[in-house]
Each structure stands twice: as C-alpha cells, then as structure tokens.
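Have a look at the structure below before the remarks.
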Protein chains: 4
Amino acid sequence: MSLNKVLLIGNLGRDPEVRYMPNGEAVCNFSIATSETWNDRNGQRQERTEWHNITMYRRLAEIAGQYLRKGSQVYIEGRIQSRKYQGKDGIERTAYDIVANEMKMLGSRSGGSSAEYGDGGQAGAYQQAPQQGAYQQAPAYSQEAPAAPPAAPRRQAPAAPAAPVDDIDDDIPF
Amino acid sequence: MSLNKVLLIGNLGRDPEVRYMPNGEAVCNFSIATSETWNDRNGQRQERTEWHNITMYRRLAEIAGQYLRKGSQVYIEGRIQSRKYQGKDGIERTAYDIVANEMKMLGSRSGGSSAEYGDGGQAGAYQQAPQQGAYQQAPAYSQEAPAAPPAAPRRQAPAAPAAPVDDIDDDIPF
Amino acid sequence: MSLNKVLLIGNLGRDPEVRYMPNGEAVCNFSIATSETWNDRNGQRQERTEWHNITMYRRLAEIAGQYLRKGSQVYIEGRIQSRKYQGKDGIERTAYDIVANEMKMLGSRSGGSSAEYGDGGQAGAYQQAPQQGAYQQAPAYSQEAPAAPPAAPRRQAPAAPAAPVDDIDDDIPF
Amino acid sequence: MSLNKVLLIGNLGRDPEVRYMPNGEAVCNFSIATSETWNDRNGQRQERTEWHNITMYRRLAEIAGQYLRKGSQVYIEGRIQSRKYQGKDGIERTAYDIVANEMKMLGSRSGGSSAEYGDGGQAGAYQQAPQQGAYQQAPAYSQEAPAAPPAAPRRQAPAAPAAPVDDIDDDIPF
DNA sequence: TTTT
DNA sequence: TTTT
C-alpha cells in the first residue's frame, strides 16, 4: 500500500494551456507558485518561491482552461508524477508534475470566485458549479460560457517541462 | 472558499454495516480507531484512542461492505459532517461522521490486501481492483465475489450514533 | 500505526477566546465554518455549512488570540479529538474538537495577511512572522503588539462545547 | 498565502544516508517508492512506481538514520522543494525533493515498528518513542541505542540527485 | 469496538 | 532502489 498525495494552494504564473489528445480528451497544463517566508538567524525576512507544474485531464482540464487565468489562486489536490523528456539541448531530463484530481478556485483578483470539482464531497453526484461574482450557476460539465465569459483559453502544445516559468517574475500579479 | 478534508488510517472496530436507501443506493457505516501515544512528563507511556464514525455511499459503500471486516486497516479520506439524532433517552445530540470519498485497504491481519477506490489517480478512469492474496483482479464496480469471498456483510439498522440515515429502515429492499 | 489528520480552511464565527491553564499555558478556542455547495437533481443550488470547534495550545493559542478575529479566514491543520462534557441540562454529551498543530492566516477582509506557524517548513527553526498590511515582521514568539495591534482578545472560560454558534448567522461576515 | 503539502506512504529503496552540516546539524537522505495500480481498457493490470527523494534535517534526520532501513515502510509529511545540481555530465538539472517535517514508521517486514515524530499531536511536548518489537520506549530525542540496535546507518556522500548538501563532504565531523 |  |  502506498500514498502519494499533494495539496497545493498557489497562483498561476500564466494562463493555462489546453490541448486535446488524439482520442479527444483534454489535457491542461499550467504552473502555480507557492512561497514560504521565514526569518533567518539575523532576523532578516527570507522568501522562497516554488513553481509546481500542474497537469489535468478531461473534465477538470476543460474547467481549468475555461475559468483559470494568470494570477488566479487555486487549490489543487493530486499526486506527484515524474516524466522524462528531451530538452532543447537533446538531453534527457526528468520533470515533475502534479497530476490533479481535484481543484477549487479561490478568490482571484477579480473577486470571490469559488468552485469545487473532482470527486466532490457527495460521491460522483456532487459537482459544484463555478461562480464568478453574480454569475448564474451552471453545472460543472457545462460547456456554456457563464454570463461574463473569460477569454478563450490558449490552446497549444507547450514545451516539454510544462512551465519552467523563470522569466516572468515581473509579470506575476501577486 | 473553504476546505474540509480528513485523512485517517485506522482499524475497524466491527464489521461494516451496509444498508440501502429507497432509491437503491448503498450506505455503509463503520468506525475506525486511531491511537496516539506519547511519553508524559514522568516518562510514562500514554495512549489515547479516538473512534471515528465513517459513512460511505454508493459504490464505495458496496466495496467497503464486501471487503472490509472487523480489524481491517484502512485509509480513509473524506470530510467532517455533523448530524443531529435523537438518543435513546429522547434527547437530541450531535454526532460527527467522516463522509468518505476515498478508501484504500491496507494490510490487515489476514494478509496483504490492498486496493484503492474513489477519484483514483487517473481521473475517473482509474479504479484499482481489490486484491486479496492471489485473487484475480476484478473491476472495482464488480459485484461478483472474489475467489475466496469474505463472509456476507452484516445488514442491519445500527443504533443511533452510527446511523446517518434514520428514516429508511423499513425501506430496505430485501 | 494510525493517522488522524484534518485540514480546514474556513472563517471564524466569533473572536477567539484565550484562557490560561493553571500551569500558565494558553488555550485558545474558536470555531470556523466550512461550506460546501452543489447542485441537486433539480439543478437547485444547495449549500451546507459545517462548524468546527478549534482548540490550540501554548504558542499557537497565543498567536491565534492575538491575530485572529471574527470573520478571519484561516488554514488549520490538526487532529480530531472527542471530549465528554456535561451539558447545561446535566446530561453528558460528546463534543468533537480539532486540536490544531499548524495555522496559516489567510487574507481576511482587512487585507492580505498571511502567516504560518507550527512545525514550519524548516523543522523547528522555521517560524513565520505574522504580517498584517504593512506591519513590520515580528518573531512568532513575540508578545509585543504589532504596529497596529488588534483589539485585546477576549479571555474567558467558554461554555462546554466551545462553539455551537448556531445563533449568530446574521452576524457572520461571509 | 499558499500551501505546499505532501503526504506519502512508501518503502525505502535503500538504507538512509546521514551526513552532518558544518554546524553539526544532521541531514538525512533516502528515497521511497509509491506505486499505483489500475486496470487499463483491456482489463490488463497496470502498475506504475514513483520514486520520491526525501530530505530530513536535524532531529528527524537522526531518527530516520537510526531506525529506517531499506524496505522500511514510512509515512512522510513535508513539502516539495526543487534544487539545482550539476550532473556528472556537467549539465545543470533540477531535482525535486520532499523536505519532511513529520515521519511515522509503519510496520516493516521486520515487525510492527511504529513511531511518530515531528510536530506531534500535542505541540512540542508530544514525542512518540520508537518501538521495535519489544524495545523499551525511549524519548525521541534520545541518542542511546535501543535494546536491539539496528546496524549503524551508512554515512556517505551520495550522488547528486539524492544529495541536497553538496558542499560539506569534507566538513563531516567524524 | 480496533490495532500496536 | 522498495513494496504488494
């Protein structure tokens, strides 16, 4: 028996990217930052930011692509999974992803958005609709745009390590 | 936004009890013990056991009823949920249940059984089959008995604090 | 071996209450609400709020008493622990508390406060200072008031179940 | 605010390695395997094993070095942390470690060992002693060998990806 | 009521 | 490299 569980709350460094597998299933990639701060021995404030590559499949991927944006704060639950890839320099490397099985959108800059997906609290029947401001509630599976739809998600094939995002610091809105 | 998540590993105090809702959905109840030990200020070994009421619905309930037994060690993930009930003395009390959305069977005394259910690691598609000794693997949804089937689960109306559904006793379809 | 772990994010229903044990150790009690929402079979939005009694000891208790207020959003990590008590009607009941071992203050209405206590990320050495708005950072153990100190915490002996808080719905700021 | 929390249960692939920082603090490295299994679309049993690099500091490092061995089953709680290192080929790579803040020894093949360390359930006061078979209980901080002491931990400089401290080899104080 |  |  084993357990491989990760719980993250962080903010997206960029808009999520949604692609589709040959069989039509959606895959969504983005990365989120978590940061820890502490006082060192000299009483100096220290901060360290960690970037986590998130991967979602199917319904969760589509919801993320539809509702998450750069800067969004999100709760992610999933597992750690390594992945080999060929770098631009032709050298094999290993990337680590968090494969998500649950997501909750937290209050982003645009307001008190909150939603839950995944296994839900009530077994399969429970699917909490995304809420953004005064949006009407829509079922989580719905593809209809909410009253004030977000911009279309970017759909592209991301470079191998889904998000090294180390060059965007001055763009990050938090 | 809020989070209400519980992770438990413990042993069943009794066999699980499975009942059926009027709509045919299964409900499973059992309790598991967790214990913590520590040394007090006098270096004396101290132990404290906590009992947790677990409630499962639908597929998870059926799997639990089929494979768990008194003494089984189990990993449970779920949420805390309170429930009012009328005690035998006619006085209202509040019970706390863990409503499970995931379960992993750990090695019990009877062997290295291990299985996972719930959201799974691979989105909905992932359903780990129960394994007991050299059992063949069966899909998690399967109702067929494994090669060496466990005794039939007890099906009864438990006393109040263990019973989340108190209005369906005479609806049980068998 | 067993595991008894609870992760909560919710809002305080009232100001925390801090008391002191005969040995001088602080104890802090408050309750936080978590809520889940879902669409029922008729597409109607449903919501359910759960109240969790939180108990903290020692340093964590003092920090909570100093920085948390009614409405504060907080991340709590701890374990479930039952407790017998004598109700006002003289009848014994069982209450369930979450005994916290870690806390992070999330953004409350008053701004982007964020802090972490408990085991920290860096073993015992890691103690993240409370930040409120533009407060200077102070060590977590510090008892000094921050630049803009919150009102003194209420110190009293709470009634037995630390917070049934079922009568304050229209006061809750979220 | 952010959250970066990992919960793992797995088995050590090798004995843990303990080294000491120039300041005398212990660092322990090992890796544990988690595996997930599922049935693919053809009903074929699939398995995937993931290896996690674990890093511990100070007291936790010493306890791990003393009690864990190849094959030991362990519960680890910590956070994900990336780390740059120079590979043997001179190329920079990124490794991911789980920096542990809590550990529980689960039953290994050699018997029902069980112990808990870290923040404990009772704030700092709670330190569960390691138990191995009929060992007497000793405080977690104790350096004394238990009645039937395990073999001395290996102390060496591991290859890059498993080594978080790569500049202290000649500083080890023994 | 379990388990170590 | 572990374990089931």
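Residue numbers start from 1 in every chain, and the chains themselves are labelled A, B, ... in the order their sequence lines are given, proteins ahead of strands. The figures that follow rest on heavy atoms only: side chains count, while hydrogens, waters and symmetry mates do not.
- B:I9 places its CD1 atom 16 Å from the P atom of E:dT3, with the value rounded to the nearest Å.
- Looking at C:T94 and B:R93, their side chains never come closer than 4.5 Å, going by heavy atoms from C-beta outward.
- Across the protein-nucleic acid pair, D:I76 atom CD1 and F:dT3 atom P stand 16 Å apart, rounded to whole Å.
- The pair D:E50-D:R48 meets the salt-bridge criterion, since a charged nitrogen lies less than 4.0 angstrom from a carboxylate oxygen.
- When rounded to the nearest whole Å, the span between CZ of D:F30 and P of F:dT1 equals 18 Å.
- Nucleotide E:dT2 holds its P atom 19 Å from the CG atom of C:N4, rounded to whole Å.
- B:E50 has its CD atom 13 Å from the C1' atom of E:dT2, to the nearest Å.
- Counting only distance, with no hydrogens or angles, the side chain of B:N29 and the backbone of B:T55 share no donor-acceptor pair below 3.5 Å.
- Among the heavy atoms of the strands, none lies under 4.0 Å from D:I32.
- Here the nucleotide nearest the side chain of B:R14, chosen from E:dT1, F:dT2, F:dT1, is E:dT1.
- In this structure, the CG atom of D:N11 is 10 Å from the P atom of F:dT2, given to the nearest Å.
- Put simply, the side chain of C:I98 reaches to within 4.5 Å of the side chain of B:I80, judged on heavy atoms.
- At whole-Å resolution of the value, NE2 in B:H52 and C1' in E:dT3 are 13 Å apart.
- Ranking F:dT1, E:dT2, E:dT1 by closeness to the D:K70 side chain, first place goes to F:dT1.
- There is a side-chain donor-acceptor pair under 3.5 Å between C:Q81 and C:R79.
- If you check distances only, the side chain of A:S2 never reaches the base of F:dT3 with a donor-acceptor pair under 3.5 Å.
- Nucleotide E:dT4 holds its P atom 13 Å from the CG atom of B:L106, rounded to whole Å.
- Between the side chain of B:T49 and the base of E:dT2 there is at least one donor-acceptor pair of N/O atoms closer than 3.5 Å.
- Between D:W51 and D:E47, it is D:W51 whose nearest contact on DNA chain F lies nearer the 5' terminus.
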